[in-house]
Amino acid sequence: MTVGSGQVYVVTGGCGFLGSHLVRMLLEHEKNISEIRVFDLHLDESLRTLSNDRVKVRLISGDISRLEDVREALRGSHLVIHTASLVDVWGRVPASKITEVNVTGTMNVLQACKEEEVQYLVYTSSMEVVGPNIHGDHFYRGNEDTEYRIYHKEPYPLSKAKAEKLVLEANGAKIKGGKLLYTCSLRPTGIYGEGHELMKQFHRQGLRTGRCVFRAIPPAIEHGRVYVGNVAWMHLLAARQLQIHPSTLGGQVYFCYDSSPYKSYEDFNMEFLSACGFKIIGSRPLVPYFLLYLLALLNALMQWLLHGFFTYAPILNPYTLAVASTTFTVQTDKAEKHFGYQPLYAWEEAKKRTITWVKSLEVSRKDLKDVGEKGNYCCN
Ligand SMILES: NC(=O)C1=CN([C@@H]2O[C@H](COP(=O)(O)OP(=O)(O)OC[C@H]3O[C@@H](n4cnc5c(N)ncnc54)[C@H](O)[C@@H]3O)[C@@H](O)[C@H]2O)C=CC1
Ligand SMILES: C[C@@H](CO)CCC[C@@H](C)[C@H]1CC[C@H]2[C@@H]3[C@H](O)CC4=CC(=O)CC[C@]4(C)[C@H]3CC[C@]12C
């Protein structure tokens, strides 16, 4: 295999949901690279096979919270896309662990950039660094400059906000050798697409309830969603343009957006699940909000009581209920103005791809059924 003399990109968290899409996106659309280093705690060996005669995909097993691991991975590279994170709003991992990975991990990436002379860093942040806040203030078609009462209490959004602040403050810092570091931050709303773990859970849950989804959130509450392929595309463009126009992109934040429709979280999921015969029951929530809130509180209490025995972490808790029940949608063209971003995938294409993937979940479950699992599967 002959590998050219292009740039070396490091993708932290490159085996995750977004990270693996990003690696494929870079391979297909970024002509200027000769090596992609996929740095992750848990390696997905299938990515190795993506190497071709132009680009080598190198899998590096490491822990972002260990500076030495990060330094080694960054040595001799040109640019880092830092997506590695613990994504947990359910209390599956202790808050201290979330901080260690998301905040200390990001400090390590910045420190390693400085010591290993890596000039460019694109950070994957989240809409959660802004909101929704626990006061239930709606963020309706907001942009990067919209004023909003930002209030963080939960470990995940708190950690993403701290990490983003560090990343932005590091823009313009001197690195070893005297050059400057340039950083920018991308804030996806709720990402969806092939490989979305939460969608798998909703699909499994729907099978258990006879393909019925019981409406819990008022349909008027809009939740911003963005297709994983477009988030990956935006990272690629930001990485490319950060090197060409560092003074424009450096120190900036950009919401990730595309043409996915504004809908409630549940109605949006139904765009895919209905292709597998799922039905949403009720045009309004079947359970009054206060009952749902009590249930969420009960789940939180159970989690606390069972702590030490096992991890009880259901999807519904007071925080996820608050996020799902508060409108958060973005409308902006900052990324287009600053680095020419336009979605690579139109909504129809994103939907088609996601439906194909959701249907493939049915096939794999049907295989399970054929070898003895109980269930009732059909798909149109
Ligand atoms: N999933 C979503 O809806 C959204 C995600 N984001 C952000 O996008 C990024 C990617 O998220 P997803 O792909 O959904 O998550 P994911 O969990 O699929 O991917 C994260 C990756 O980071 C790796 N990782 C975790 N701890 C690590 C450690 N100590 N050292 C090295 N690698 C480690 C994991 O193994 C995983 O492969 C994250 O930064 C997340 O905060 C932002 C907005 C929405
Ligand atoms: C009340 C339930 C009835 O069906 C529905 C609960 C859905 C929630 C689990 C999700 C609603 C909104 C999601 C979050 C949102 O998309 C923003 C996020 C950004 C991130 O960076 C990480 C993931 C998440 C926090 C996402 C998590 C799941 C929801 C809370």
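Numbering of ligands and ligand atoms starts at 1, following listing order.
Ranked by closest heavy atom to atom 28 (C) of ligand 2, the top entry among Thr320, Val87, Leu198 is Leu198. By heavy-atom distance, the residue among Phe328, Phe268, Tyr265 lying nearest atom 7 (C) of ligand 2 is Tyr265. Scanning Gly16, Gly105, Ser85, Gly19 for the heavy atom closest to atom 22 (O) of ligand 1 points to Ser85. The heavy atom nearest to atom 32 (N) of ligand 1, considering only Asp44, Leu18, Leu41, is found in Leu41. Of the listed options Met127, Arg225, His223, His223 places a heavy atom closest to atom 15 (C) of ligand 2. Of the options Tyr123, Tyr156, Phe39, the smallest heavy-atom separation from atom 6 (N) of ligand 1 is shown by Tyr156. When the heavy-atom distances from atom 37 (O) of ligand 1 to Val129, Asp40, Thr12 are ranked, the shortest goes to Asp40. Checking Cys256, Ser125, Ser159, Gly13 against atom 7 (C) of ligand 1, the nearest heavy atom belongs to Ser125.
Between Tyr192 and Tyr227, the ring planes lie tilted relative to each other; the angle falls in the 30° to 60° range. The aromatic rings of Tyr148 and Phe139 stand perpendicular to each other, their planes meeting at an angle above 60°, with 30° marking the opposite boundary.
Atom numbering of ligand 1 starts at 1 in the shown order; those under 4.0 Å from a heavy atom of Asp63 are 28 (C), 29 (N), 30 (N). For ligand 1 and Thr83, the ligand atoms under 4.0 Å from any heavy atom of the residue are 9 (C), 10 (C), 38 (C), 39 (O). Of all the atoms in ligand 2, the ones that sit under 4.0 Å from a non-hydrogen atom of Val323 are 12 (C). Heavy-atom contacts of Thr189 reach the following atoms of ligand 1: 43 (C), 44 (C) (cutoff under 4.0 Å). Close contacts between ligand 2 and Ser126 involve ligand atoms 19 (C), 20 (C), 21 (O) [criterion: under 4.0 Å to a heavy atom]. Set against the non-hydrogen atoms of His42, the atoms of ligand 1 under 4.0 Å away are 35 (O). Close contacts of ligand 2 with Tyr156, meaning ligand atoms under 4.0 Å from a residue heavy atom, involve 20 (C), 21 (O), 22 (C). Of all atoms in ligand 1, listed by their number and element, those nearer than 4.0 Å to a heavy atom of Cys15 are 37 (O).
Here His196 has no heavy atoms under 4.0 Å from ligand 1, in either its backbone or its side chain. The part of Glu266 lying near ligand 2 is the side chain, judged by heavy-atom distances below 4.0 Å. For Thr124, heavy-atom contacts with ligand 1 shorter than 4.0 Å involve the backbone as well as the side chain. In Leu316, the part holding a heavy atom less than 4.0 Å from any atom of ligand 2 is the side chain.
Using a 4.0 Å heavy-atom cutoff, Tyr192 is absent from the residues neighbouring ligand 1. Taking 4.0 Å as the cut-off, Asp69 does not count as a neighbour of ligand 1 on heavy-atom distance. The closest approach between Gly62 and ligand 1 falls below 4.0 Å for a heavy atom of the residue.
Checking atom 3 (C) of ligand 2 against the protein gives a heavy-atom contact under 4.0 Å. Protein heavy atoms come within 4.0 Å of atom 11 (C) of ligand 2.
Glu116 has a carboxylate O that lies under 4.0 Å from a charged side-chain N of Arg71, or vice versa, which qualifies the two as a salt bridge. Between Asp267 and Arg215 there is a salt bridge, since a side-chain N of the basic residue sits under 4.0 Å from a carboxylate O of the acidic one. A salt bridge links Lys352 to Glu349: at least one charged side-chain nitrogen sits closer than 4.0 Å to a carboxylate oxygen. In summary, Arg66 and Asp63 do not engage in a salt bridge, as defined by a charged side-chain N under 4.0 Å from a carboxylate O.
Here the heavy atom of the protein found nearest to atom 9 (C) of ligand 2 is Ile315 CG2, 3.6 Å.
For Glu28, the CD atom sits in a loose shell: 12 or fewer heavy atoms of surrounding residues, nucleotides or ligands are nearer than 6.0 Å.
Residues Tyr254 and His338 are in side-chain contact: their nearest non-hydrogen atoms beyond the backbone lie under 4.5 Å apart.
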Could you go through the side chain to side chain donor-acceptor pair (under 3.5 Å) check for His78 and Tyr120 one step at a time?
CA-CA 7 Å; His78 296 89; Tyr120 304 100; over 6 Å; no
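The CZ atom of Phe310 sits 10.0 Å away from the CD atom of Gln303 when rounded to the nearest 0.5 Å.
Side-chain polar atoms of Lys160 and Tyr123 form a donor-acceptor pair below 3.5 angstrom.
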